[in-house]
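Here's the structure we're looking at; comments come further down.
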2 protein chains.
Amino acid sequence: MAREHAVLRLAVDLCILTVREGSLQVLVVERGNEPYRGRLALPGGFLRGDEEPSAAAIRELGEETGLDGTRLHLEQLPVFGAPDRDPSGRVVSVPYLAIAPDLPVPRPGSDATGARWSPVASLVSGGTLAFDHHDILDLAVERARASLENTTVAAVFCDDLFTMGELRGVYEAVWGISLDPRNFSRKVTKTAGFVEPAGARRTDGVGRPAALYRRGPVGRLNPAMLRSSMSS
Amino acid sequence: MAREHAVLRLAVDLCILTVREGSLQVLVVERGNEPYRGRLALPGGFLRGDEEPSAAAIRELGEETGLDGTRLHLEQLPVFGAPDRDPSGRVVSVPYLAIAPDLPVPRPGSDATGARWSPVASLVSGGTLAFDHHDILDLAVERARASLENTTVAAVFCDDLFTMGELRGVYEAVWGISLDPRNFSRKVTKTAGFVEPAGARRTDGVGRPAALYRRGPVGRLNPAMLRSSMSS
DNA sequence: CCAAAAGTGTTCGACGTACACCCATGC
DNA sequence: GCATGGGTGTACGTCGAACACTTTTGG
């Protein structure tokens, strides 16, 4: 019958992605506590008594970075539960992928000394991050790439008002390829509910002013955005 | 700083789907222990000390149903962690979607009195299942539907050798629509690595004998199978 | 012969790709 | 003018949908 149940703690880890300076970046913190004190890691913390995991993710997001989790896209990834993944004891981690526009990080964390954006490409595989956070990062990036194909979350990477060029920049940064601006624009505007024209235009220095858009009501993308070729 | 961590147990619940008699069915057990003794539920149990969640899922699969979990397709779904989801205490559940061919269920469970297949359609929403297992079922069915579009798991619903008609029957049962046999066959055989011809043919009573196939090496389906229309 | 299931050929239309071309701005 | 980015028009190819038609079995 029932043998001894595992005595464990449940952690929530956050992989917060954004697009800055044309590259995909992730929010990392320098750990202030053992284990792995001083090492870079994904922000996170333990689940409390009466908390849903998703509520814990939103709370940690606020505590460690000052970001408002209720306004971000949050997506749960498969749990990490290797018995020896945390040297301080049995901890199962519930990782979340969060997608944020390019925001400053106002409040440095309490448990962590300073949160900052780091390009995903500069965190070489198997290298710098504490725990198994590199595996979580890989999973989150792959999920983000897939989500751009089938959903409209790309717009969550942008501010409230954005141009086609900015939205296309999200796809190019996350997928690491370049897209044809003309076909991209048509595809997005012809997909009902993806974006809504905001009427205004923006002049960013050189070039013809671009029309501004805001997010539309539709979440799923059908037909999907195609990652294959479409290159320019 | 760190407030009290949640004291909790981690459960693993299994949503084992198969296609029997032309309909999508799920394996349910009658609970032998409190809470919800006597009610139908998804098979599952608690995580042990040195166990990965996925290993616990495979172990529970064997204990409660006698099925060999290492031969099935296993996919983790988002966790369920509402604080009051289990009246006996704080339990966070890691649900798994398992996909099985139409097999008998040899060994009745130890914790549960008798496992049996039940058509998904007959488990009316919000009705019979214990805990929040109905939400888990809905999630698993939706995931299975999506997986048929993008992966070759449909073949895992079938035996080692199967006909095009059987494979198509999986799609029709899981999606609840009918597909054009002629276009379906072409689409599958032209997707390299989905299925491999086994050479032999099978005569199932009436009609022209069907060629037999086995699973191919490819897991992801590109381009995807389309659920929209294609009806006959 | 007839019914039923397996499979092939073919036409049509939708859509993705590529690219020529025009528009509006800063310098 | 010229470079730069925004946006439209359009031709071509690919692929999914629909369906006529042939093949091979059982009754």
Side-chain angles (χ1 to χ4, degrees), chain A residues 21-22 148-150 158 161-173 175 177-214 220-232, chain B residues 22 148-150 154 158 161-173 175 177-192 194-214 221-232:
Chain A
E21 301 149 5
L148 287 199
E149 295 188 285
N150 306 308
C158 300
L161 261 50
F162 53 89
T163 68
M164 270 299 152
E166 289 165 355
L167 187 64
R168 179 168 45 84
V170 169
Y171 277 91
E172 294 182 328
W175 284 352
I177 60 176
S178 33
L179 301 175
D180 187 308
R182 302 158 288 191
N183 292 333
F184 179 85
S185 173
R186 234 187 318 242
K187 168 87 184 178
V188 170
T189 51
K190 282 195 176 175
T191 302
F194 191 169
V195 296
E196 291 173 348
R201 296 178 166 275
R202 180 192 297 167
T203 301
D204 272 335
V206 76
R208 170 176 169 178
L212 288 173
Y213 297 88
R214 65 179 111 255
R220 285 209 78 76
L221 217 45
N222 203 295
M225 271 284 177
L226 296 187
R227 209 159 153 183
S228 55
S229 63
M230 199 186 183
S231 53
S232 76
Chain B
L148 287 199
E149 295 188 284
N150 306 307
C158 300
L161 260 50
F162 52 90
T163 68
M164 270 298 153
E166 289 167 354
L167 186 64
R168 178 167 46 85
V170 170
Y171 277 91
E172 294 182 328
W175 285 352
I177 61 178
S178 34
L179 301 174
D180 186 308
R182 301 159 289 192
N183 292 332
F184 179 84
S185 174
R186 235 189 316 246
K187 168 88 184 179
V188 170
T189 51
K190 283 195 176 174
T191 301
F194 190 168
V195 297
E196 290 172 347
R201 295 179 164 274
R202 180 192 297 167
T203 301
D204 273 336
V206 75
R208 171 174 169 178
L212 288 172
Y213 297 88
R214 65 180 110 252
L221 217 44
N222 202 294
M225 271 285 177
L226 296 187
R227 207 160 152 184
S228 56
S229 61
M230 199 187 182
S231 52
S232 77

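This is a predicted model, so every value here is computed, not measured. Every chain is numbered from 1 and lettered A, B, ... according to where its sequence line falls, protein lines coming before strand lines.
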Exercise. Are the side chain of B:Y171 and the backbone N or O of B:L148 linked by a donor-acceptor pair below 3.5 Å?
Worked result: yes
Exercise. Counting only N and O atoms by type, is there a donor-acceptor contact under 3.5 Å from the side chain of B:S185 to the main-chain atoms of B:P181?
Worked result: no
Problem set entry | Base D:dG5 to side chain A:R182, donor-acceptor N/O within 3.5 Å cut-off | no
Problem set entry | No-H, no-angle donor-acceptor pair, B:R208 side chain to C:dA6 base, under 3.5 Å | yes
Roughly how many Å is it from [atom1] in [X] to [atom2] in [N], rounded to a whole number?
{"X": "B:E172", "N": "C:dA5", "atom1": "CD", "atom2": "P", "value": "12 Å"}
{"X": "A:D180", "N": "D:dG9", "atom1": "CG", "atom2": "C1'", "value": "14 Å"}
{"X": "A:E166", "N": "D:dG5", "atom1": "CD", "atom2": "C1'", "value": "13 Å"}
{"X": "B:R186", "N": "D:dA18", "atom1": "CZ", "atom2": "C1'", "value": "10 Å"}
{"X": "B:N183", "N": "C:dT10", "atom1": "CG", "atom2": "P", "value": "15 Å"}
{"X": "B:R201", "N": "D:dT25", "atom1": "CZ", "atom2": "P", "value": "8 Å"}
{"X": "A:Y213", "N": "D:dG6", "atom1": "OH", "atom2": "P", "value": "11 Å"}
{"X": "A:K190", "N": "D:dG9", "atom1": "NZ", "atom2": "P", "value": "9 Å"}

Exercise. Just to confirm, is there a sub-4.0 Å distance from OP1 or OP2 of C:dG16 to any side-chain nitrogen or oxygen of A:K187?
Worked result: yes
For this session: Please check the phosphate of D:dG6 (OP1 and OP2 only) for any side-chain N or O of A:R168 closer than 4.0 Å.
Result: yes
Exercise. Can you tell me how far the NZ atom of A:K190 sits from the CG atom of A:N183, to the nearest 0.5 Å?
Worked result: 10.0 Å
Exercise. DNA chain C: B:G207 or A:V206, which has the more 5' nearest nucleotide?
Worked result: B:G207
For this session: Taking all non-hydrogen atoms of both residues into account, name the closest pair between A:M164 and A:V188 and its distance.
Result: CE-CG1, 3.4 Å
Problem set entry | Shortest non-hydrogen contact between A:Y213 and A:V195, atoms and distance | CD2-CG2, 3.7 Å
Problem set entry | Earlier contact from the 5' end, DNA chain D, for B:P209 and B:P223 | B:P223
